[in-house]
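Hydrogens, waters and symmetry mates are skipped; everything else that's a heavy atom, side chains included, is used.
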Amino acid sequence: MAVKMIMAVLAGLALCSAKRTKAQVKQVNERCDTCRKASSKFFEAFDELKDKIEFAGKSKGWAKDNEKFLGKYDMSEALLHACLEKVCQRHERECNTLMEDAEEIVEDWFNSKPEQMDADALSQHLCVDKLEACCPAHHYGQSCKPCKGLKLEPEMSVCSTHGTCSGDGYRTGNGKCRCEDNRAGDICQHCAKGHYPLPDKDSVVTCEACDTACADECSGPGPSSCTACAAGYTEEGGTCQDIDECAAETGTGPCTDPNVYCDNTPGSYMCNSCDVSCADGCSGPTATNCVTCAQGFVKDEELGCVDVDECAQGHDGCLADQYCSNTPGSVTCEACSPACDQGCSGPAATDCVACKQGWEAATVGGCQDVDECQQGVCKAGENCDNTEGSYVCSCPVNKEVSPDGTCAFPPEQEALLAAANFQPSNASLVPLAPEQDTTPFSMPVGASKSNIAIVTRALTTDQQAQLGTAPTIARVEVVEPCCGDTFQVAVLEVTSTSVTMAVQRTDSGVGWDQELNLRWCGLVEDAKRDEL
């Protein structure tokens with residue numbers, strides 16, 4: 001460790017010999033941050049573990065009553081090393097590198113039983129005094145000089161408490177004060193330009209912003225305290241008054257576009273657009289300020305220029321499958337709902353004049369979708385999915401369209417089903433002798449839109465070893481069926497490498513929504529029984 005510390009010191013001297021680059025400054029600061037974080041992590045672990053007596057690794061029954069013989073538990077060697085192990089994660093390279101230098105230092109400090117036992121005390125000892133990775137608070141630079149304006153009495157402060165010290169707490173920076181926006185001076189002792197001092201009843205000075213009418217400086221609040229007036233203001237009667245740029249002889253001031261109006265603001269002005277209803281200019285932001293009304297608008301004595309509803313006046317430029325939609329000053333033609341036949345009065349299905357095929361008249365008016373699936377439009381065994389104005393018939397998953405147009409399992413599975421012997425769930429399929437053993441296995445089935453599901457499972461190498469080359473299935477059951485559904489099961493095919501089973505819902509001709517599972521028991525070979 002001594003060699004590593006010497007190398008670290010030499011590296012630090014190399015940094016001291018020349019002006020540091022930004023990358024070097026970042027490296028120095030990161031080492032300090034890593035050290036402080038390590039101190040905090042050590043005491044996070046300490047607080048987590050210190051009261052866990054069983055963690056100390058003492059003999060069973062050891063308790064704090066024995067401290068006079070064994071020393072305090074929180075000073076135990078076991079606790080110390082447990083805390084050190086929690087300081088760094090395996091992927092934290094900087095932390096692990098630092099702790100190679102720091103571990104012995106932490107051990108010596110911890111075992112010395114210092115009066116102050118917390119992260120701040122460890123950080124001061126490790127990061128400032130020993131590794132020299134950081135500076136104390138309110139100190140900066142390679143030799144940890146005091147920050148400017150540092151006073152120890154009546155309380156520690158830096159930069160008159162109105163700024164931050166460059167490099168505060170780090171072995172970098174120049175110690176100069178970065179003042180708050182309203183402060184200036186080497187130690188932020190003055191008010192910044194554009195601010196004035198305002199002492200309170202305790203003579204504590206705050207720096208308040210000058211009035212917006214002031215150019216740079218002021219002696220107090222309000223426009224009458226300005227040393228000079230800002231642009232857009234003029235001095236009248238000892239105070240800075242706003243210039244109304246919009247009050248020019250032209251009536252629009254500096255705004256020359258005929259479709260805008262001049263809006264005076266403190267010290268300036270804005271050229272804002274007239275209302276959409278205006279033509280030939282305006283004197284303000286609303287429809288009542290228009291000089292004349294734009295096309296599609298008419299003059300109202302109280303409301304100004306108001307929109308003309310061309311649709312209400314019988315606009316007939318839309319197609320048969322469109323409706324008229326009024327817009328400010330104009331009109332658009334929008335498409336009717338797909339439910340509509342012979343036109344509509346609006347965008348919804350309830351706005352239809354008549355209904356297309358697949359839709360029907362609704363009691364509230366207009367059209368509503370017909371659910372053809374409730375009418376049995378699909379063939380037996382097919383799934384029916386209702387769509388807006390139509391429907392789709394399809395075969396359930398794992399089935400396909402057969403030559404006669406019906407949905408069926410693949411021919412090889414249909415042949416197995418034809419010979420299947422469905423049994424109630426959990427029924428014994430083969431008689432068992434008292435000395436025979438079975439081993440349970442599980443098989444997920446899932447949900448199904450058909451009242452029969454076929455599932456095949458490959459046997460693992462271990463299962464094949466237990467069940468032999470000619471497996472026998474002794475029992476099959478459906479696990480936790482839902483909602484009163486009843487099922488039967490059948491073993492369709494068993495090979496040396498897989499089993500195929502079928503599940504049939506018997507209380508209904510439709511499928512099931514729950515995720516089913518099968519539990520089946522395979523008969524163990526005689527030669528394998530003693531091994532299980």
Side-chain angles (χ1 to χ4, degrees), residues 373 380-385 394-400 407-532:
C373 293
E382 289 183 332
N383 291 332
C384 182
D385 294 307
S394 61
C395 291
V397 177
N398 298 327
K399 286 192 175 184
E400 57 189 32
C407 294
F409 289 103
E412 61 275 12
Q413 292 186 346
E414 286 289 347
L416 294 174
L417 280 175
N421 179 23
F422 280 94
Q423 297 290 329
S425 177
N426 205 27
S428 295
L429 303 179
V430 294
L432 296 179
E435 69 276 7
Q436 288 181 303
D437 294 325
T438 60
T439 299
F441 303 103
S442 62
M443 177 181 289
V445 178
S448 176
K449 289 191 175 182
S450 171
N451 73 321
I452 294 181
I454 297 176
V455 58
T456 298
R457 175 164 181 163
L459 298 177
T460 66
T461 302
D462 291 342
Q463 292 169 354
Q464 294 177 35
Q466 293 178 48
L467 302 178
T469 56
T472 300
I473 296 178
R475 187 184 302 272
V476 183
E477 67 172 313
V478 177
V479 180
E480 297 180 355
C482 169
C483 316
D485 295 351
T486 58
F487 297 90
Q488 288 186 340
V489 294
V491 179
L492 301 185
E493 185 177 36
V494 182
T495 70
S496 60
T497 58
S498 67
V499 294
T500 300
M501 302 185 197
V503 182
Q504 179 177 254
R505 182 176 176 181
T506 56
D507 64 314
S508 172
V510 298
W512 57 90
D513 294 327
Q514 74 262 35
E515 295 290 321
L516 286 187
N517 288 283
L518 292 179
R519 182 185 295 117
W520 57 279
C521 296
L523 188 62
V524 179
E525 277 195 337
D526 289 345
K528 302 293 182 181
R529 188 180 306 119
D530 293 337
E531 300 177 14
L532 295 178

Just by modelled atom types, is the Q488 backbone N or O under 3.5 Å from a matching donor or acceptor in the T506 side chain?
no
If every non-hydrogen atom of S394 is compared with every non-hydrogen atom of D385, which pair is closest and at what distance?
OG-OD2, 4.2 Å
Student check: side-chain heavy atoms of V455 and R457 closer than 4.5 Å
no
Under the side chain to side chain contact (heavy atoms under 4.5 Å, CB included) test against R475, which residue among L429, N426, V430, T438 passes?
N426
Please report the shortest heavy-atom distance between M443 and V499, naming the atom on each side.
CE-CG2, 3.4 Å
Interatomic distance, T486 atom OG1 to Q504 atom CD [nearest 0.5 angstrom]
9.5 Å
Side chain to side chain contact (heavy atoms under 4.5 Å, CB included) between T500 and I454: does it pass, once the steps are laid out?
CA-CA 7 Å; T500 300; I454 297 176; 3.8 Å; yes
Between A474 and L432, which heavy-atom pair has the shortest distance, and what is it?
CB-CD2, 4.2 Å
Approximate separation, where rounding is to 0.5 Å, of Q463 CD and S498 OG
11.0 Å
Could you go step by step and tell me if I452 and F409 meet the side chain to side chain contact (heavy atoms under 4.5 Å, CB included) rule?
CA-CA 10 Å; I452 294 181; F409 289 103; 3.9 Å; yes
Minimum-distance pair of heavy atoms, taken over all atoms of V489 and S425
CG2-CA, 4.4 Å
Donor-acceptor pairs under 3.5 angstrom involving side-chain atoms of residues 509-519: please list them, not counting sequence neighbours.
unit_1: W512; atom_1: NE1; unit_2: G446; atom_2: O; d: 3.0
unit_1: R519; atom_1: NH1; unit_2: E477; atom_2: OE2; d: 2.9

Are more than 12 heavy atoms from other residues, nucleotides or ligands located less than 6.0 Å from atom CD of E480?
no
As a quick check of understanding, evaluate side chain to side chain contact (heavy atoms under 4.5 Å, CB included) for E382 and C407, giving each step before the final call.
CA-CA 6 Å; E382 289 183 332; C407 294; 3.5 Å; yes
Indicate the atoms forming the closest heavy-atom contact of A453 with V445, along with that distance.
CB-CG1, 4.0 Å
Between P481 and F487, what is the shortest heavy-atom contact and its length?
CB-CE1, 3.8 Å
To the nearest 0.5 Å, how far apart are CG in L467 and OG in S496?
11.0 Å
How many angstroms lie between atom OG1 of T439 and atom CD of Q466, to the nearest 0.5 angstrom?
5.0 Å
Just how far is it from atom CD of Q464 to atom CG of L459, taken to the nearest 0.5 Å?
5.5 Å
